[in-house]
Amino acid sequence: MFKSLYFKIVLILLIFIIAVMSAVGAILMNGVTSFYMDDFTEQMTECFDEDGYLMAELREAAKSPNYAAEMKTVLSDFSSVLGIDEYRNYYVLNLDGEMLHGSDPSLGAQLTVTPNMLSVISGTESNERAGGMDYADWAVRVPVNDAQDCIVYVKDSMDEMRQLNSMLFSIILQALLIGVVIAVLPSFFLAKSISSPLQSLTYDTQLVASGDFTHDIEVNSEDEIGVLAENFNDMKDRLRSTLDEVNGERQKLDTVLSAMRDAVVAFMADGTVLHSNTSSEELFGPSLKEGTLTLEKCFEILDIPLAPSPKGGMRLTSSDAAAEVTRDGWIFRDRIAKGRVYDVSFARIRSFSDRQGRMPGYVFIIHDVTSRYELDESRREFVANVSHELRTPLTSIKGATETVRFDPDMDENTREWFLDMVLSESDRMTRIVSDLLTLSRLDNKRTKWNVETFDLKQSVRHLCEVMRPDLEAHRHRVTFGAEKNLPEITADRGRIEQVVINILSNAIKYTPDGGKIDITLAGRAKKTLILTVRDNGIGIPKEDLSHLFERFYRVEKSRTQDAGGTGLGLAIAKEIVEAHGGIITVESELSKGTAVRIELPVKCRLEGAEKNEQTAEAKAEKNEPSAAEAKAAEGALSLPEGDPAQAGK
């Protein structure tokens with residue numbers, strides 16, 4: 001309310017009336033005071049004129065022995081001329097300021113020495129009217145004889161003037177109150193006539209600020225306010241049209257930027273963010289949302305060798321920076337940031353307007369090329385690994401063949417040894433090529449799956465029997481334990497057995513002779529089977545665990561070369577398990593052994609699983625017991641039959 005124009009107009013009018021009446025009152029009261037003081041001074045000057053009759057009478061009375069009484073008589077006779085009344089008195093004083101006679105002895109006894117009195121005592125005889133005093137006085141020195149003089153002193157208390165001023169103030173105050181009451185009503189109407197259209201204009205302005213352009217201001221007058229209302233209506237229509245165009249363009253731009261998978265960030269010249277899209281928020285995270293991302297920080301994150309130039313713009317900070325120069329900036333290839341690889345296009349925004357003029361800005365277009373980069377790296381590494389793996393057996397085959405060819409007199413045993421080497425290395429090459437073909441088919445989704453429902457417990461037991469020769473050769477002790485009532489699994493039996501053989505073979509190879517291998521099979525909520533192969537072998541260093549499933553990766557290749565590994569077995573196992581919807585993990589500690597854990601869903605997601613599942617349900621309807629149900633009563637299994645502690649002996 002107190003901030004409204006309506007209140008301000010009324011308040012201004014009231015303040016104006018009060019100020020005028022106060023000024024008039026102050027002038028009148030000051031005039032009364034000045035008139036009273038001027039009248040007193042004029043009267044005293046005229047009465048106490050040196051050549052006047054009163055002064056002559058006073059000098060004559062001063063010659064009398066009882067001069068004080070005589071002078072009082074003279075002053076009493078001239079009391080009407082002097083204006084003596086209840087507010088003004090006269091006194092006859094000695095030079096010490098003591099009263100000898102006076103019109104009011106009680107007041108005379110209380111007299112104090114005043115500046116005019118001191119002036120007369122000192123002989124200057126100047127009566128001055130000092131400001132701020134609540135009285136008016138006049139002092140005249142009258143000679144008595146050669147030895148002494150006396151002082152005639154007149155003092156006015158000015159109470160009459162104060163009473164007059166008080167009465168005048170009361171009259172002015174009454175006039176002020178009446179004037180305020182009379183002026184308030186017109187001021188309300190005046191304020192209403194001015195503030196009402198302005199209030200309407202303010203309300204419509206708020207609607208426009210909130211985005212509502214549907215309301216028009218009513219023009220009820222042809223004065224300045226009416227012209228303002230008409231201009232505002234025109235401005236509102238133009239603004240609405242302009243904003244509709246701008247919003248349309250912005251929506252198009254936002255849609256394009258939001259749909260882009262590339263991160264786009266625009267910066268103003270001072271380095272603050274002007275615009276960004278969703279992909280850029282995912283890249284830069286909280287720093288972009290919190291507004292702490294700057295142009296320099298973006299350079300640092302993306303490892304861009306750019307810095308502001310003293311002459312304006314940007315410059316390369318490294319002369320050998322691999323950058324492609326474009327018309328408006330640069331393109332930086334394969335920049336690594338936060339574990340991803342990006343191609344970064346940096347360009348200058350030609351200009352944009354702000355309140356201080358036209359200033360340049362900058363834009364980043366950040367394209368994620370991690371997949372392409374990793375694919376290129378994988379291809380290069382794959383070619384290098386395949387070349388290395390194939391070159392070794394080829395070199396051995398070529399060397400053995402040349403030795404046999406150029407030595408016709410070689411004895412039969414040596415020849416057989418070289419020929420066996422050729423066959424062994426050929427088999428090794430065949431295994432490598434076969435593994436590569438398997439991986440290729442898995443990668444390209446061209447693997448033909450032979451899905452069936454079978455008892456995984458029986459399959460694992462069968463595989464342990466098959467690998468008995470290898471176990472016995474290394475004098476390993478193997479145990480196999482399985483939970484009761486495990487469900488049958490629907491999967492590609494051959495591929496699953498290939499995975500188990502691969503894991504078991506690794507356990508045999510990398511466990512010192514006479515070691516122990518434990519195989520367990522458990523279930524989880526009749527939806528998942530968990531197969532664990534644990535050994536007490538040499539283990540795997542912690543830094544190698546995250547690379548085990550990479551192709552051609554081998555832990556300490558010089559150590560594993562004698563075992564004949566190619567580094568593809570675990571990669572194939574991982575692809576097969578994941579194709580079935582399962583998970584394979586490895587836990588290991590150096591010199592303490594390794595545990596491989598395979599989790600497989602009972603119902604795999606391979607094509608053909610539904611058909612085999614229906615076959616299994618048909619069997620169940622005929623009450624045909626499965627292999628798993630036949631072994632449900634069995635507990636922990638051990639290999640070979642008989643004493644589980646002697647498996648492998």
Side-chain angles (χ1 to χ4, degrees), residues 26 29-166 168:
M29 293 176 68
N30 185 62
V32 170
T33 302
S34 298
F35 173 79
Y36 196 91
M37 294 299 296
D38 292 341
D39 181 70
F40 176 80
T41 301
E42 183 180 354
Q43 189 176 15
M44 293 300 105
T45 301
E46 183 179 352
C47 290
F48 289 103
D49 183 31
E50 289 294 330
D51 298 329
Y53 185 73
L54 177 59
M55 287 300 296
E57 291 290 333
L58 289 174
R59 281 193 290 269
E60 186 65 29
K63 296 177 181 179
S64 173
N66 191 11
Y67 64 90
E70 292 295 332
M71 293 178 71
K72 175 185 177 184
T73 302
V74 174
L75 292 171
S76 176
D77 294 338
F78 283 87
S79 59
S80 60
V81 178
L82 293 172
I84 303 301
D85 54 19
E86 57 180 326
Y87 306 110
R88 187 181 298 181
N89 293 283
Y90 62 84
Y91 304 97
V92 179
L93 311 175
N94 60 22
L95 293 181
D96 294 329
E98 298 174 352
M99 185 187 73
L100 301 177
H101 275 287
S103 60
D104 191 341
S106 61
L107 292 177
Q110 301 175 5
L111 286 176
T112 58
V113 179
T114 65
N116 287 339
M117 193 183 299
L118 286 174
S119 176
V120 172
I121 292 173
S122 63
T124 59
E125 293 190 12
S126 61
N127 288 283
E128 297 180 355
R129 185 176 62 186
M133 293 183 177
D134 59 352
Y135 64 90
D137 64 340
W138 195 272
V140 178
R141 186 166 182 166
V142 179
V144 176
N145 51 46
D146 296 336
Q148 64 180 352
D149 293 338
C150 67
I151 298 173
V152 176
Y153 182 70
V154 179
K155 183 176 182 181
D156 194 324
S157 65
M158 299 181 68
D159 288 342
E160 184 179 11
M161 182 200 68
R162 281 190 284 273
Q163 290 177 2
L164 180 60
N165 278 340
S166 177
L168 183 60

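In this chain, residues are counted from 1 in sequence order. All values below come from the heavy atoms of this structure, side chains included, with hydrogens, waters and symmetry mates left out.
Interatomic distance, Asn94 CG to Ile151 CD1, rounded to the nearest 0.5 Å: 7.5 Å. Note that CG of Asp49 and CE of Met44 are 13.0 Å apart. Values are rounded to the nearest 0.5 Å. For the atom pair CG of Asn165 and CE of Met29, the computed distance is 4.5 Å after rounding to the nearest 0.5 Å. One distance of note links OH of Tyr135 with CG of Asp156; it measures 12.0 Å at 0.5 Å rounding. How far CG of Leu168 is from CD of Gln163: 13.5 Å, rounded to the nearest 0.5 Å. In this structure, the separation between CE on Met158 and CE on Met37 is 4.5 Å, given to the nearest 0.5 Å.
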* Could you walk me through whether Phe78 and Tyr53 pass the ring-ring contact (aromatic ring centres under 6.0 Å, His included) check? -> CA-CA 10 Å; Phe78 283 87; Tyr53 185 73; 5.8 Å; yes

* Asked: Hey, mind stepping through Asp159 and Arg162 against salt bridge (charged side-chain N to carboxylate O under 4.0 Å, His left out) and telling me if it holds?
  -> CA-CA 5 Å; Asp159 288 342; Arg162 281 190 284 273; 2.6 Å; yes

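The main-chain N or O of Leu75 is never found under 3.5 Å from a side-chain atom of Ser79 such that the two would form a donor-acceptor pair. At distances below 3.5 Å, at least one donor-acceptor pair connects side-chain atoms of Arg88 with backbone N or O atoms of Leu82. A donor-acceptor pair under 3.5 Å is formed between the side chain of Ser122 and the backbone N or O of Leu118. Side-chain atoms of Ser103 come within 3.5 Å of backbone atoms of Tyr90 as a donor-acceptor pair (strictly under, hydrogens ignored). Panel note: side chain Ser157, backbone Tyr87; a donor-acceptor pair is recorded below 3.5 Å. Panel note: side chain Ser76, backbone Lys72; no donor-acceptor pair is recorded below 3.5 Å. In this structure, Ser64 contributes its side chain and Glu60 its backbone to no donor-acceptor pair below 3.5 Å.
Of all heavy-atom pairs between Val74 and Glu57, the closest is CG1-CB, 3.6 Å. Residues Ala62 and Val144 share a closest heavy-atom pair of O-CG1, 3.4 Å. For Leu100 against Ala68, the heavy-atom pair with the smallest separation is CB-CB, 3.8 Å. In terms of heavy-atom proximity, Glu160 sits nearest to Tyr36 at OE1-OH, 3.5 Å. Closest heavy-atom contact between Leu95 and Asp149: CG-O, 3.7 Å. Taking both residues in full, the closest heavy atoms of Cys47 and Val81 are given as SG-CG1, 3.3 Å, listed atom of the first, atom of the second, then distance.
Relative to the six-membered ring of Tyr91, Lys155 misses at least one condition, a distance below 6.0 Å or an angle of at most 45° to the axis.
Ring geometry, Trp138 versus Phe40: the interplanar angle exceeds 60°, so the pair is classed perpendicular (tilted spans 30 to 60°).
Taking 4.5 Å as the limit, some side-chain heavy atom of Met117 sits within range of a side-chain heavy atom of Ile121. Counting only heavy atoms from C-beta outward, the side chains of Tyr153 and Thr114 approach each other to under 4.5 Å.
Side-chain N/O atoms of Ser106 and Asp104 include a donor and acceptor closer than 3.5 Å.
The only member of Met99, His101, Glu98, Arg141 that meets side chain to side chain contact (heavy atoms under 4.5 Å, CB included) when paired with Leu93 is Met99.
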